[in-house]
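Reckoned from all heavy atoms, side chains included, excluding hydrogens, waters and symmetry mates. Throughout, protein chains are lettered first and strands after them, A, B, ... in sequence-line order, and every chain is numbered starting at 1.
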4 protein chains.
Amino acid sequence: MNITSKSEIKRKALIDATIELVNNNGFHATPMSKIAKMAGVSAGTIYLYFENKQDLVDQVYLEVKAAFTSYAFRNYNEEMSVEKGFETIWKNIAEFKLKEVEEAYFLSQCDNTPIVDEPVRQQGLKHLQPLLDLWEKGQQQGIIKKVSPYSLYAFSIYPIAFLMNMQQRGVYQLTPEHIEEAYEMAWHSIKN
Amino acid sequence: MNITSKSEIKRKALIDATIELVNNNGFHATPMSKIAKMAGVSAGTIYLYFENKQDLVDQVYLEVKAAFTSYAFRNYNEEMSVEKGFETIWKNIAEFKLKEVEEAYFLSQCDNTPIVDEPVRQQGLKHLQPLLDLWEKGQQQGIIKKVSPYSLYAFSIYPIAFLMNMQQRGVYQLTPEHIEEAYEMAWHSIKN
Amino acid sequence: MNITSKSEIKRKALIDATIELVNNNGFHATPMSKIAKMAGVSAGTIYLYFENKQDLVDQVYLEVKAAFTSYAFRNYNEEMSVEKGFETIWKNIAEFKLKEVEEAYFLSQCDNTPIVDEPVRQQGLKHLQPLLDLWEKGQQQGIIKKVSPYSLYAFSIYPIAFLMNMQQRGVYQLTPEHIEEAYEMAWHSIKN
Amino acid sequence: MNITSKSEIKRKALIDATIELVNNNGFHATPMSKIAKMAGVSAGTIYLYFENKQDLVDQVYLEVKAAFTSYAFRNYNEEMSVEKGFETIWKNIAEFKLKEVEEAYFLSQCDNTPIVDEPVRQQGLKHLQPLLDLWEKGQQQGIIKKVSPYSLYAFSIYPIAFLMNMQQRGVYQLTPEHIEEAYEMAWHSIKN
DNA sequence: CATGAATGAGAATTCATTCAT
DNA sequence: AATGAATGAATTCTCATTCAT
């Protein structure tokens, strides 16, 4: 058996339990003891893997964010045209938020509350660089609106989170047609 | 002395303290004792005004949401053209989020975490109806894209929250030009 | 209107409320505020009639005890024969416990817990003297067993409390026949 | 080390502390913190052994009641004559109330106040059945008065509690002669 | 006399973290 | 590494009592 495998399994179990419980109850309403129980380990064991509760969420945040950005750039390469590249990335992100609902909802909770602090959040953002590069290239080519990348993000990527939240709450169904429709809106809002 | 004045002042102080502390620390990391201290009353006094901690946030949420929607429809009336009406509402919302940063951030925290529950959130939404009516009128006139109101909201209104968050974190400055720019993007994403 | 009447009505209402609430919840689970509400007065008003909560129960105890002993000696006079006298007193006590269930249950609670303290309890006992005198006369006449008055009380009077408790809990019905039967047992246990 | 020893010792210490403190102060005037301190454990530890304060008293009540009934039937067997059987049980009960004063007083407090509720009390009663059986046998043999078992209990067993209370308060001394005397009274009150 | 808002000490309970095993 | 009993500080909430009106 792989040296790390057994402990990696426990670590993974702890992370999954944290995501599920924080999603349902919020960070501070999630006791370490419940996380331990759901992960099938003892309370003290958590502290072999994580320094303390804050370190636990921080690491969960960073790992989920990394998984998210990795997913976002699947099948993307810098040789693609700006439009094709954006479509690829946008749909990856949409697919992630649809398929990995728990992870996505966890991220949205961390991004909208003070449970992880600024430095950690900054660290989580660094992997999004290729999208910013793509936008800059598009702006140089006159394809993308010459506005701040924050605006581009706000109007093309951020809306996906809202649609996911609504679907999560059961008030809205994100069908494939809705996704295509939404992609068109995203693209129209940033293209020139 | 005005009948309500003294107790209304305390109630207001409690609500303000709640907003500020929850914004900075999160709901569960905000003890009632701190809220009381910041509001300048004793711990027990909170319970003269609110049933318990949950009731306190619920009421704060509903009041802030009401203030927000009331702000959103300033100077708006149903005789306006669809485009003019939308511009009015959109800019009101942007102004609210810029001026009443604390309130806006509090709402975004409640809307993205399980601290207020679905029934309360539903109640908070009811005042947004005039915007939905405007969109429907626009769709009938062929001015607005025929997509779900959730999509319209996601791509035109929701992005403002992101820009506000970024400004809140100091990584971005929402100047009047930025706002005009953002309004244009919002309008282009939903107009036909 | 009689000078004291209005305040006496309130005092009475407070005493009645105390009895009812302490019976149902116990002394320490009965807040002054609830007593006030049930008595139809404001919380502060209690302190115009009683020094504090302890003083309130003490006074309720003493008054109910006085009512009890007064009831116990109805139609009794020292010229009666020992047997007739005992029957009169015993049946008065039984009648009181049957009719004034609330008062009787309150007394039994006070007599079996530390809610009123020894001096007050002693004070409450002083009115029972005629019964002790009767017993002593009976002993001198050779009619009553020559045992401690505590034993006489334990076997002839105290059992009534048990029967009342059982009736109170609904597991037993004290019919007139039961009472006669019980009286016979009481008398047989103390007579020579 | 014995599997149960360490935690059983703590559990026992908590139960003993509860009895002593409730006896002296009453249930609601006994804070969990004091129980913990007297038992030599930390406040939080109580909740490892008992769900909450109510569960604690309930369990103490049931255990003490079980100890009481077990004590009551020492050296008793169903082959004994009715009179001998009753004497055995009665004197056991008297001995228990004399020797285990704390336990006995605790029971009398629970039996006369609303601190444990009816279902728990019912559960505590189930072990008294052999005495009821004995009485029924005695009634069939014409030895025991044909009255409700509640009456038999009220006049033969319940009085012991009163004598114990008086001794507890120091106003009365239960010497062996007093006990014999009391037993005679008990027996005479129920025999035919 | 009467009110009832306000107080603040104190209660029950929870939970992050430690540490002996 | 892993456990889980134990801790005790912190939290929510209650309630006897006071006092300005």
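- Across all strands shown, dA11(E) is found opposite dT12(F) as a Watson-Crick or G-U wobble partner, with both distances under 3.5 Å.
- Shown here, dA1(F) forms no base pair; nothing in the strands shown gives a Watson-Crick or G-U wobble contact with both key distances under 3.5 Å.
- In the set dT14(E), dT12(F), dT18(E), dT18(E) carries the atom at the smallest distance from any side-chain atom of Tyr47(A).
- Taking every side-chain heavy atom of Val41(C) into account, dT3(E) is the closest of dT3(E), dT11(F), dC15(E).
- Distance, His28(B) NE2 to dA16(E) C1': 16 Å, rounded to whole Å.
- Phe50(B) comes within 4.0 angstrom of nothing in the nucleic acid, heavy atoms only.
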Starting from the C-alpha separation in whole Å, work towards a yes-or-no answer on side-chain contact (heavy atoms from CB on, under 4.5 Å) for Thr45(C) and Ser42(C). CA-CA 5 Å; Thr45(C) 301; Ser42(C) 108; 3.5 Å; yes

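- Lys65(B) has a carboxylate O that lies under 4.0 Å from a charged side-chain N of Asp111(B), or vice versa, which qualifies the two as a salt bridge.
- Rounded to a whole Å, the CE atom of Met32(B) is 12 Å from the P atom of dT11(F).
- For the pair Lys12(C) and Asp16(C), the salt-bridge criterion is met [side-chain N within less than 4.0 Å of a carboxylate O].
- Under the 3.5 Å distance criterion, the side-chain polar atoms of Asn25(A) are left unmatched by any main-chain donor or acceptor of Thr30(A).
- Summary of the strand contacts: Pro31(C) and Ala43(D) both lie near DNA chain F, and taking for each the nucleotide with the nearest heavy atom, the more 5' one is attributed to Ala43(D).
- Taking atom CD1 on Ile46(A) and atom C1' on dT18(E), their separation rounds to 13 Å, with Å as the unit.
- Here the nucleotide nearest the side chain of Leu48(B), chosen from dT7(E), dA16(F), dA12(E), is dT7(E).
- By the neighbour-count criterion of 12 heavy atoms within 6.0 Å, atom CD of Glu51(C) is sparsely surrounded, having that number or fewer from other residues, nucleotides or ligands.
- Figure legend: cation-pi geometry between Lys53(D) and Tyr47(D) absent, as NZ or CZ is not positioned both under 6.0 Å from the six-membered ring centre and within 45° of its axis.
- Separating the CD atom of Glu8(C) from the C1' atom of dC1(E) is a distance of 15 Å, rounded to the nearest angstrom.
- Contact annotation for Lys10(C): backbone-only contact, meaning every heavy-atom pair under 4.0 Å involves sugar-phosphate atoms and none involves a base.
- Note: NZ (Lys34(A)) to C1' (dA16(E)) measures 15 Å, nearest angstrom.
- Atom-to-atom, CD of Gln54(D) to C1' of dT13(E) comes out at 15 Å; the value is rounded to the nearest Å.
- Heavy atoms of Lys37(D) sit nowhere under 4.0 angstrom from any nucleic acid atom.
- Taking only side-chain atoms of Asn52(A), from C-beta outward, the nucleotide of dT17(E), dA1(F), dA16(F) with the closest atom is dT17(E).
- In this entry the distance linking NZ of Lys53(B) with P of dT11(F) reads 9 Å, nearest Å.
- In the set dT17(E), dG4(F), dT7(F), dG4(F) carries the atom at the smallest distance from any side-chain atom of Ser42(A).
- When the nearest nucleotides of DNA chain E are assigned to Thr30(A) and Tyr49(B) by heavy-atom distance, the more 5′-ward of the two goes with Tyr49(B).
- When the C1' atom of dT14(F) is taken as reference, atom CG of Asn25(C) falls 14 Å away, rounded to whole Å.
- When the nucleotides dT13(E), dC1(E), dA6(F) are ranked by their closest atom to the side chain of Thr45(D), dA6(F) comes out on top.
- When the nearest nucleotides of DNA chain F are assigned to Phe27(B) and Phe27(C) by heavy-atom distance, the more 5′-ward of the two goes with Phe27(B).
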